[in-house]
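Lettering of chains follows the sequences in order, A, B, ..., and the numbering in each one begins at 1.
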Number of protein chains: 2
Amino acid sequence: MTLHLNPELRLPLFEQIERYWIYRIAAGDPAPGERIPSVRDMAQQVLVHPNTIVNAYGCLERSGIILPRRGIGMEVTAEAPRICKEKRESLLGERVRELFSEAEQAGMDRAEVVRLVRDIMNQIGGK
Amino acid sequence: MTLHLNPELRLPLFEQIERYWIYRIAAGDPAPGERIPSVRDMAQQVLVHPNTIVNAYGCLERSGIILPRRGIGMEVTAEAPRICKEKRESLLGERVRELFSEAEQAGMDRAEVVRLVRDIMNQIGGK
DNA sequence: CCTAGTGTGCTAGAATGCTAGGACACGGAG
DNA sequence: CTCCGTGTCCTAGCATTCTAGCACACTAGG
């Protein structure tokens, strides 16, 4: 799983970074007690200003996903996996609901939405 | 079909207004030769600053969907229905592609995405 | 003790989107 | 002709997001 920042996207960079760690922690890769890259390291990896990382990490901290330890780094909390899985459900569900909302405004039937999803899924790749 | 502006959404207000007319014209309601509300009328209907409407209408004009007529109003062009239908396809397709992109980053299989879409569709309403 | 690496805080600027209010030019109706 | 509604343009301010650079406090390791 790689973080592919896209400035053209609607999502602010710091939220893209936040989601990246939510999805990774939900998948179990940085486990509780382990640490995510430091603010400066992450900024250099993603070629973004450190303040943007601070913003993203701040959101993760306020959600109880990471615990800042001065002089050490950002530690994944014990409750992080549960919180991240909940957030993953919520985020993707919201995306789908937005899709239905937009499709409804466009006068598209719900069955048509499902068909459109299948079409594009097949169009994207054989896998 | 009603325009329900949502400032909390990622989409800027002027783009929400632009899409509203794209979808309506694609559906054929304001037919070629007919006019859409004036900048000031639309602003008052939607409770938004006239400049925001100017921005939205400017996009529609640059796409060849409407033709500004000073002292008269904004006229729907002859090619508008075709252009709007194309844009509708493109906009919804992009929405679905973004969904798959986000789901892939979250480590979700494509079949799971289809299942999620069905679940939420059933969850939204019986219709 | 000292250094390096860490999180945190601060001010400042650029770009975007929205609001606010004013001004002007055009065209139909009277 | 005048008047009103129309599109168009202008400056200004505010909030958000990102960039930029600097300073400080804390901790581990030598």
Side-chain angles (χ1 to χ4, degrees), chain A residues 3-22 25 30 32-77 80 91, chain B residues 3-22 25 30 32-77 80 91:
Chain A
L3 174 51
H4 200 29
L5 284 187
N6 186 357
E8 306 301 321
L9 224 56
R10 304 290 173 180
L11 230 49
L13 294 180
F14 79 92
E15 284 195 49
Q16 294 184 45
I17 298 165
E18 183 193 6
R19 294 196 181 193
Y20 170 72
W21 286 114
I22 287 176
I25 295 174
E34 294 182 2
R35 276 176 254 131
I36 64 179
S38 76
V39 169
R40 291 169 180 81
D41 275 2
M42 191 68 189
Q44 195 155 24
Q45 282 182 34
V46 194
L47 298 178
V48 147
H49 196 272
N51 283 359
T52 303
I53 309 294
V54 168
N55 199 352
Y57 282 10
C59 292
L60 293 172
E61 179 194 353
R62 282 187 293 275
S63 301
I65 295 172
I66 59 176
L67 191 71
R69 305 182 72 87
R70 284 195 168 217
I72 310 290
M74 294 296 200
E75 194 179 290
V76 177
T77 67
L91 288 171
Chain B
L3 174 51
H4 199 31
L5 285 186
N6 186 357
E8 306 300 322
L9 226 56
R10 305 289 174 181
L11 230 48
L13 294 180
F14 79 92
E15 285 196 47
Q16 294 184 44
I17 298 166
E18 184 193 5
R19 293 196 181 193
Y20 170 72
W21 286 114
I22 287 176
I25 294 174
E34 295 181 2
R35 277 177 251 132
I36 65 179
S38 76
V39 170
R40 292 170 179 83
D41 275 3
M42 192 67 189
Q44 194 155 22
Q45 281 181 34
V46 195
L47 298 178
V48 147
H49 196 272
N51 282 359
T52 303
I53 307 293
V54 168
N55 199 354
Y57 282 10
C59 293
L60 294 172
E61 179 195 352
R62 282 187 294 275
S63 300
I65 296 172
I66 58 177
L67 192 70
R69 305 183 74 87
R70 283 194 170 222
I72 309 290
M74 294 295 198
E75 193 179 290
V76 178
T77 68
L91 288 171

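- Side-chain atoms of B:Phe14 lie closest to C:dG17 of the nucleotides D:dT8, C:dG17, C:dT8.
- Distances from the side chain of A:Arg40 to the nucleotides D:dG7, D:dA28, C:dT6 place C:dT6 closest.
- Here the nucleotide nearest the side chain of A:Met74, chosen from C:dG28, C:dT8, D:dA20, is C:dT8.
- In this structure, CG of B:Leu67 is placed 17 Å from P of C:dC26, rounded to the nearest angstrom.
- For A:Ser38, counting side-chain heavy atoms from C-beta on, the closest listed nucleotide (D:dT19, C:dT6, C:dT8) is C:dT6.
- Per the geometry, CG belonging to A:Asn55 stands 11 Å off P belonging to D:dT19, to the nearest Å.
- Atom-to-atom, OH of A:Tyr57 to P of C:dT6 comes out at 11 Å; the value is rounded to the nearest Å.
- Using a 4.0 Å cut-off, some side-chain N or O of B:Thr52 falls inside it from OP1 or OP2 of C:dT19.
- Closest to the A:His49 side chain, of the nucleotides D:dA25, D:dT19, C:dT19, is D:dT19.
- On a pure distance criterion of 3.5 Å, a polar donor-acceptor pair joins the side chain of A:Asn51 and the base of D:dG21.
- Taking atom CZ on A:Arg10 and atom C1' on C:dA15, their separation rounds to 16 Å, with Å as the unit.
- Going from atom CG of B:Asp41 over to atom C1' of D:dG5 covers 9 Å, rounded to whole Å.
- Atoms CD1 (A:Ile36) and P (C:dG5) sit 19 Å apart, rounded to a whole Å.
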